[in-house]
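Structure first, commentary second.
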Amino acid sequence: MKNTIRVHQFHGGIHPPENKKQSTGAPITQAPLPSRIILPLQQHIGLPADPIVKVGDHVLKGQRVAEAIGRISANIHASISGTVVAIGPHPVPHMSGMDADCIVIESDGQDQWIEHQGLENYTELTKPELIEYIRQAGVAGMGGAGFPTDVKLHLGDDHIVNTLIINAAECEPYITADDMLMRERADEILGGIEIIAHLLKPLHIMVGIEDNKPQAIRALHDALDKSHLNLDIVITPTKYPSGGEKQLIKLLTGVEVPSGKIPADVGIVCQNVGTTTAVYRAVIQGEPLISRIITVTGESAAHKQNYEVRIGTPIADLLNLANVNRQQMQRLIIGGPMMGITVTNEQIPVIKTTNCLIAASINEMPPQPPAQACIRCGMCEQVCPAELLPQQLYWFAKGKEFEKARHHNLFDCIECGACSYVCPSNIPLVQYYRFAKAEIRKEDDEQRKADHARLRFEARLARLERDKIEKEERRKQRAIEAAAAQAAKKDAAFSKAASATTSSTNTTVPDLKQLKSNAAIARTKLRKAEKALTNAQSKGLDGIETLQATLKQLQLKSDQAEKAYTDAQNAPSPIAAPETDLKQLKSNAAIARTKLKKAEKQLATAEASGEGDIEALKTQVTALQAKSAEAEQAYQDAENGTNTANAAIDTSALETEIATLQAKVNKAESAWKAAVESASPAAEKMAAGVDKLKDKLKDLQDELDKSRSVAQPTVTTIDTSALETEIATLQAKVNKAESAWKAAVESASPAAEKMAAGVEKLKGKLKDLQDELVQKSGNQSAQPAPDAEPAVIDLKALKQQVSIMRTKLKKAEKQLNELPEGEDNTPLVAEIEALRARHDKAKATFDAAEAEKIAAAASEGIDLKQLKIDAALARAAVTKAERALSKAEDDSKQPLETELLTIRAKAEQLNATLERFSN
Amino acid sequence: MSAVLVAVLVLLGLGLVFGILLGYSSIRFKVEGNPLVDQVDALLPQTQCGQCGHPGCRPYAEAIVNGEAINKCPPGGQSTVEALADLLDVEALPLDAEDAEEPIKKVAYIREDECIGCTKCIQACPVDAILGAAKQMHTVIVSECTGCDLCVEPCPVDCIDMLPLEPTLNNWQWPAPKPGIELIATDRQPGIALEIKG
Ligand code: SF4
Ligand code: SF4
Ligand code: SF4
Ligand code: SF4
């Protein structure tokens, strides 16, 4: 037989022992019906198919059991009739040796076909319809990667296909499946080629076949003589890997497919011979791809021959069929010796791409000798069919310089193994390339994921920003609406009232703000001046006189501004809204008081340490005192104004007393101030006097408060909402203070310590408030419902509370443990104590509630369900505690252990109850 | 003399022309932001975990451009450090983390029957990978989770675990070949008919 066209050459290639003769002696034999088949849902790259049957369903031979999802995916059909017994993980033929989802079908022995029918005349169908028909039959490439065939047939849509190449080279040693197929079923092959040619409309069809298959070549020629098909059978010299897609193209056409391109880009489509028969059977006979030809060979197989095997047959069945001597079998390979995979599990099924099973003896495939150093002999480079530099790639892969490996076209490597085959140093080169490819793919994947995450992150930020703006806008909108409403109200009021009064109130409103900022500015100026003065004093500079003069002036100004502001603030209040003002005044008073206290403390420390600007501090204290007093007074006044009316007991006497005392205090304070200013030695005594007076004042005020509360005994419903808001504000403050403190710590500012103290104090206050709230609300809840419905206690809520407490406690403990040595941990310890107490309390409540519930259940009869749930929960708690225990460090084990014990006891108790009830 | 004058004038004229050209193009083709920050940011794993001490990957990218060390990103591992070193042309430092091994990919997993539906984890997740609503069970969208760990701490009932990703057929990858024993050539066994590689 002579070639009609010139055969080109590809670079490299090797001539391993063929070992093909052994398995071509006998014709293709039908393998018996397997008793069960295993159909992996994923048999190729791309997406796994989606099962459309359930366990227990009865399926017929040829019935579709899993549906392709996405473009690169193939349908899967049952290859026997029987019952679906499982859908789940099962060993599959994969390099990793991992399990994957499979459909397992138990045979019913009938081998009953589903109704099927081929197409009478496929040329009547449009191309997409015909391709869809082939896709429905689940036809996939039967040579290498198992790529769904329909995807390749679609290539005609967007590529001009001028050459169709049928790959019949079958270059790998041992494999004879295609050879036997061509010998026995040449008509089907030509029929399949006709269909594919109809779809792709190529100008030229070539069948590439190695010259070591003379019988197959003759069979093809014979069949071709009877067919009207116009194609060239091209005989190529036997050389591995001439069956590689790009290599065969080079051989047959001389065209080199560029790196990173597919053959279709140069107008060529390749199909395997096996695939052509599958297409033929699908189209002409309507049979989906449910069987294939497999070579079973190797020295330990008694019958080395080809079998037609149902897809999904476990390889153990085939090995038995070929009478494989398991003692002798050293290695079991699926595929060829060069590119196949070694498997150990005989339950692995045959899939659409399985073309060969080699049961190799130790003589055939001895274990690989250890690798040695690369000697740079260059033999690998000479045999590489992809014209790469294998030793260079090896160095890059070994040194993990993947980027360089990529630039040396690592991805053009077809993993043919030719380089490893010739390497005198026995370096497992292909393994290195596979590893490098996997790493690069992983990195690319991670990059993609990172980009995706960045997009999502940015989208989230944008969303939060948008939310904030929207909120702000809504708030503004509300404010405007409120203002409008207010204005409308005012207008209504004005229309009734005389216009004379309006002008005065109108002007005061904007002025208030102005005045406030004025006061603030004046204050700041004053402070600055004070600082300058103290600076000058401490350094003994001259010009102190002038500075003092300025200071005095500024003080005056500041006071004036402040006064103006407070006046303005107070002025409209009695007219406009005395009730709201009361609150305002109260908080004013409170603020003034705290300020005063702070200033006093500062003063005290300053005095104690004998440094700093005592003078300034003192003046500040005085000013503050005055202000505090004023505020208090204003508040008192306002309150009296509103309260005296409904107060039964006359508090006016007390109040006048307070007023006089206040006046006295003021006087004393101003006197003290003067003394301080003139640096008189009596200042200190005076301060003491002032303090005494103040104490007295406070006592009186307390008394007043008391009498007032007596006067209003109707207040029984405890208003916790105010408390709550207070807590909330305080919490916010705490958070702020804490973050400020953290910032200070970070910047190593000296103020950090002070801040920490402040934070602690705030926290303490917060806790107090919270406790108060708890108490109050406890009282409240206890009051209205003492025995109404105790059973309604929400166990779940309680439980949640307990678990939250526990978590908090744990976190705090962890914090404590993490605290560096030598640092003050008392606040933390205290906190933990408090937390623990709270936790215990919560737990006690919970336990009590639960116990009550159980008791109720026991007495009432059986609430088994609840009990069961409880028991389950308790068990879960036990496991959780155990886990925590195992994780915990030694020093924190003790409490955890006890907790575990209690939990376990509870669980046991619950279980016991449960058992008693269920028996 | 006039020749000198001409030369000076020509040079001045040229200078003027180029100056105008450069000035114009610097305005016309102004690059928004700092492109180097973008490049560095593109190399960071975008886990947004804050383990580098910055509130996210981009802030760290900015810090790197301003001279911070490049080895502070544990999720990125050594490969990120190397990529950064490559980009910035600096020395690749060893990763600055307690266990400097390659990080194991993890994703968050919520034990759903323990979740009380407080939505705290949603607020913490930088990539919106958690699904849920108030008082409803929450769950993690595994494909979106970057494994940043940020949702674990806020959960009041500690029902979030970080679990390593199970390998599947699609993300399984070939391991590195075990380094062989380096023998001298005379130790080699004779008579090997056919080798299986792979
Ligand atoms: S395995 Fe790759 S590098 Fe080695 S010879 Fe084959 S194509 Fe070339
Ligand atoms: S054949 Fe082996 S020893 Fe020779 S250069 Fe290639 S890798 Fe090195
Ligand atoms: S789910 Fe948790 S671990 Fe995952 S990205 Fe969100 S916050 Fe990070
Ligand atoms: S933080 Fe925890 S309890 Fe709260 S919603 Fe998330 S998983 Fe559920």
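Sequence lines set the chain letters: A, B, ... in the order given, protein chains first and strands last, and positions in each chain run from 1.
- Among residue pairs with one or both ends in residues 36-83 of chain B, those qualifying as ring-ring contact (aromatic ring centres under 6.0 Å, His included) are B:His54-B:Tyr60; sequence neighbours excluded.
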Worked check of side-chain contact (heavy atoms from CB on, under 4.5 Å) between B:Asp128 and A:Arg463: CA-CA 11 Å; B:Asp128 281 338; A:Arg463 195 195 71 220; 2.7 Å; yes
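- Side-chain atoms of A:His452 and B:Glu144 include a donor-acceptor pair closer than 3.5 Å.
- Two residues are said to be in side-chain contact when any heavy atoms from C-beta on lie closer than 4.5 Å; B:Trp172 and A:Met95 meet this criterion.
- Only the backbone of B:Pro175 comes within less than 4.5 Å of a heavy atom in chain A; its side chain stays farther off.
- Looking at B:Asp86, neither its backbone nor its side chain comes within 4.5 Å of chain A, counting heavy atoms on both sides.
- Here B:Gln48 contributes atom CD and A:Leu461 contributes atom CG; the two are 7.5 Å apart, rounded to the nearest 0.5 Å.
- B:Cys155 touches chain A through its backbone: at least one of N, CA, C or O sits under 4.5 Å from a heavy atom, while the side chain does not.
- Looking at B:Ser143, only its backbone comes within 4.5 Å of chain A, counting heavy atoms on both sides.
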Please evaluate residues A:Glu443 and B:Ser79 with respect to the criterion side-chain contact (heavy atoms from CB on, under 4.5 Å), reporting the C-alpha separation (whole Å), side-chain torsions for both, the decisive distance (0.1 Å), and the verdict. CA-CA 9 Å; A:Glu443 259 166 39; B:Ser79 57; 4.3 Å; yes
Working for side-chain contact (heavy atoms from CB on, under 4.5 Å), residues A:Lys449 and B:Gln46: CA-CA 9 Å; A:Lys449 251 200 126 176; B:Gln46 303 301 321; over 6 Å; no
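- Of the two parts of B:Ala83, neither the backbone nor the side chain holds a non-hydrogen atom closer than 4.5 Å to a non-hydrogen atom of chain A.
- At a 4.5 Å heavy-atom cutoff, the contact between B:Cys145 and chain A is made by backbone atoms alone.
- Neither the backbone nor the side chain of A:Glu415 comes within contact range of chain B; no heavy atom of the residue lies under 4.5 Å from a heavy atom of that chain.
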Determine, step by step, whether B:Asp41 and A:Arg454 satisfy the side-chain contact (heavy atoms from CB on, under 4.5 Å) criterion, reporting the C-alpha distance in whole Å, the side-chain angles of both residues, the deciding distance to 0.1 Å, and the verdict. CA-CA 9 Å; B:Asp41 195 31; A:Arg454 178 175 27 245; 3.6 Å; yes
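- Closest of all the heavy-atom pairs between A:Phe435 and B:Trp174 is CD1-O, 3.6 Å.
- Comparing B:Cys118, B:Cys125, B:Ala129 by heavy-atom pairs within less than 4.5 Å of chain A, the highest count is held by B:Cys125.
- For A:Ala450 against B:Leu44, the heavy-atom pair with the smallest separation is CB-O, 4.0 Å.
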